[in-house]
Participant: 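Before we start, here is the structure in question, set down as structure tokens.
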Amino acid sequence: INAEYMGTTIWLRTRQNTGQNLSIFGYVDVTATVFPFVVIGLHFIFGGDIFKDILGLAVGHLYFFLKHVVPTTHQRDLLATPDFLKRWLPEERVVGSLNVNIPQSRLRGAPPPAQTGGHPWGRGRTLGTADVH
């Protein structure tokens, strides 16, 4: 994973869990608020490019500010999903390949054949039986 994405992810994780203690290599415990800066310090010590880490933290801070601070202080959601995407994509959340909830109005053509679950790979064998063909 690139450094910018890691920096963003670390920043968001630590902002949402400010009171949590995190362990570095299992030896040193630091609070979540200081952890991103400790990671940058370690990258600097090991000869890494800290500019990318700082850029990731800046992007994470901007996202956190726009997503969590602005809506509570100014009653405006600047990162709301645009209406055209809400119309284009189904409202149901898709979780895994077996739990697809797409409204019939969104389907084109005939509905897919009913499937009881799993993938159509054949009937298979029950574990622990001697059913050999």
Side-chain angles (χ1 to χ4, degrees):
I1 299 177
N2 65 16
E4 297 90 344
Y5 180 71
M6 282 299 293
T8 301
T9 304
I10 289 171
W11 185 264
L12 292 174
R13 169 96 164 75
T14 57
R15 289 306 121 209
Q16 292 170 349
N17 302 295
T18 55
Q20 186 177 10
N21 284 336
L22 301 171
S23 178
I24 299 172
F25 299 123
Y27 298 109
V28 179
D29 289 340
V30 297
T31 61
T33 54
V34 209
F35 185 74
F37 305 107
V38 172
V39 170
I40 289 176
L42 287 173
H43 283 181
F44 180 73
I45 291 170
F46 293 132
D49 183 13
I50 63 170
F51 175 75
K52 292 180 180 181
D53 294 327
I54 294 171
L55 181 64
L57 294 184
V59 169
H61 181 75
L62 179 66
Y63 176 81
F64 186 82
F65 181 76
L66 293 175
K67 186 68 177 173
H68 298 288
V69 176
V70 170
T72 57
T73 58
H74 299 294
Q75 289 73 39
R76 293 182 62 193
D77 189 6
L78 299 175
L79 296 180
T81 305
D83 289 334
F84 77 91
L85 281 177
K86 289 179 182 178
R87 288 189 303 270
W88 191 31
L89 301 171
E91 290 184 22
E92 288 83 7
R93 186 174 294 228
V94 176
V95 180
S97 61
L98 300 178
N99 188 15
V100 179
N101 297 319
I102 300 175
Q104 289 289 43
S105 62
R106 305 279 307 171
L107 293 174
R108 294 185 180 137
Q115 187 174 336
T116 59
H119 294 281
W121 290 334
R123 71 178 188 94
R125 291 184 298 204
T126 305
L127 289 176
T129 62
D131 184 22
V132 179
H133 297 281

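Residue indices begin at 1 and follow the sequence shown.
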Participant: As an exercise, state the distance from CG of Asp29 to CZ of Phe35, rounded to the nearest 0.5 Å.
Facilitator: 11.0 Å
Participant: Is there a side-chain contact between Ile40 and Leu57 (heavy atoms, below 4.5 Å)?
Facilitator: yes
Participant: For the atom pair CZ (Phe65) and OG1 (Thr73), what is the distance rounded to the nearest 0.5 Å?
Facilitator: 6.0 Å
Participant: Quick one, Val28 and Val38 - any side-chain contact, counting heavy atoms below 4.5 Å?
Facilitator: no
Participant: How far does OG1 of Thr81 sit from CZ of Arg87, to the nearest 0.5 angstrom?
Facilitator: 12.5 Å
Participant: Has Thr72 got a side-chain atom pairing as donor or acceptor with Val69's backbone, closer than 3.5 angstrom?
Facilitator: yes
Participant: Got a second to check how far Asp53's CG is from Ile10's CD1, nearest 0.5 Å?
Facilitator: 7.5 Å
Participant: Check for a donor-acceptor pair, side chain of Thr14 on one end and backbone N or O of Thr33 on the other, with a separation under 3.5 Å.
Facilitator: no
Participant: How long is the straight-line distance from OH of Tyr5 back to CG of Leu55, given to the nearest 0.5 Å?
Facilitator: 15.0 Å
Participant: Within a strict 4.5 Å, meaning less than it, do heavy atoms of the Leu79 and Asp77 side chains meet?
Facilitator: yes
Participant: Hey, are the side chains of Tyr63 and Thr8 touching, using non-hydrogen atoms and a 4.5 Å cut-off?
Facilitator: no
Participant: Measure up the His68 and Phe64 rings against each other and bin them: parallel (under 30°), tilted (30 to 60°), perpendicular (over 60°).
Facilitator: tilted
Participant: To the nearest 0.5 Å, what is the distance between CD1 on Ile50 and CG on Leu42?
Facilitator: 12.0 Å
